[in-house]
Amino acid sequence: MEYSGDGTDGATTRMAAPTTMSSPNILNCPPPSPASSPPPPVVLSPCAACKILRRRCVEKCVLAPYFPPSEPLKFSTAHRVFGASNIIKFLQELPESQRADAVSSMVYEANARLRDPVYGCAGAICQLQKQVSELQAELAKAKAEMLNMQCQQSNLLSMIIMEMDQQLIAPPTPPQPTPYDNLSFYTEDVNMGSIYEPLWTCN
């Protein structure tokens, strides 16, 4: 830096200049605002799968959309039968549109396998098919009985209509009197005692 004149005057000048120039800025400028702090991180509850597996639930967890924190039994059931690694592998191989149905199928199969370790879901399917066959047989029987009743009703109606038509075409004729209907062998006016009255009387 260059100094003009004597050192004292130059020092005075150097000290006064920043004070004169900076005083308006200090009075007029607003106080510096603190740096904008980032929003606080949103703390999300881990999904039921990560909570049971005791691992950190990442943002793009494959299991989170299908095993919410409020349904821990759903994942624990599927985990006992299939295992967490197999469930994750199955879901990663499927498109997102089919994952919800796949999870429902796995949970249903796991529940059936826990109830029936031998047959699992196949046992329930066989039982349902048996019930369907029995109901179909009962339905066929009911339809046959209904058809029989309809035939009997139609036959009865046809007989009634035929009888009514015959009555309208040929009305019944009154019975003809026979020649012996007007003959009377006994009348009320005949005194039967006079026929057998004796010819003589005793005095």
Legend entry - Nearest non-hydrogen partners of C47 and A64, listed with the distance: CB-CA, 3.6 Å

Legend entry - Spatial distance of atom CZ (R115) from atom SG (C121) [nearest 0.5 Å]: 8.5 Å

Legend entry - Atom of L91, atom of M106 and distance for their closest heavy-atom approach: CD2-CE, 4.4 Å

Inset, instruction - Measure the shortest side-chain to side-chain distance between L156 and Q153 over non-hydrogen atoms and say whether it is less than 4.5 angstrom. - result: no

Legend entry - Rounded distance [0.5 Å steps], CD in Q129 versus CD1 in I125: 7.0 Å

Legend entry - In one Ile/Leu/Val/Met/Phe/Trp/Tyr side-chain cluster, 4.5 Å: L128, Y119: no

Inset, instruction - Establish whether L73 and Y108 are linked, either directly or via other cluster members, by ILVMFWY side-chain heavy-atom contacts under 4.5 Å. - result: no

Legend entry - Considering all heavy atoms, the nearest E109-F82 contact: CG-CZ, 3.8 Å

Legend entry - Close side-chain approach of F90 to V103, heavy-atom, < 4.5 Å: no

Inset, instruction - Output the distance between atom CD (Q92) and atom CD1 (I87), rounded to the nearest 0.5 Å. - result: 12.0 Å

Inset, instruction - Mark yes or no for whether N111, through its side chain, and V107, through its backbone, hold a donor-acceptor pair below 3.5 Å. - result: yes

Legend entry - A100 to Y66 - nearest heavy-atom pair and separation: N-CE2, 3.8 Å

Inset, instruction - Before giving the answer on side chain to side chain contact (heavy atoms under 4.5 Å, CB included), spell out for K51 and S45 the whole-Å C-alpha distance, their side-chain angles and the decisive distance to 0.1 Å. - result: CA-CA 9 Å; K51 187 181 295 184; S45 177; 4.3 Å; yes

Inset, instruction - Taking all non-hydrogen atoms of both residues into account, name the closest pair between A110 and T77 and its distance. - result: CB-O, 3.6 Å

Legend entry - Separation between CG of L139 and CD of E134, rounded to the nearest 0.5 Å: 13.5 Å

Legend entry - Stepwise side chain to side chain contact (heavy atoms under 4.5 Å, CB included) test for Q152 and N155: CA-CA 5 Å; Q152 291 180 359; N155 292 334; 5.5 Å; no

Inset, instruction - Rounded to the nearest 0.5 Å, what's the gap from SG on C126 to CD on Q131? Could you check? - result: 12.0 Å

Legend entry - E96, CD: over 12 other non-hydrogen atoms inside 6.0 angstrom: no

Inset, instruction - Give the intermediate values and the outcome of side chain to side chain contact (heavy atoms under 4.5 Å, CB included) for residues C50 and L53. - result: CA-CA 5 Å; C50 295; L53 297 175; 5.7 Å; no

Inset, instruction - Determine the minimum heavy-atom distance between R55 and L63, stating which atoms define it. - result: NH2-CD1, 3.8 Å

Legend entry - Distance (rounded to the nearest 0.5 Å) between F67 CZ and S76 OG: 9.5 Å

Inset, instruction - Without swapping roles, check the side chain of R113 against the backbone of V81 for a donor-acceptor pair under 3.5 Å. - result: no

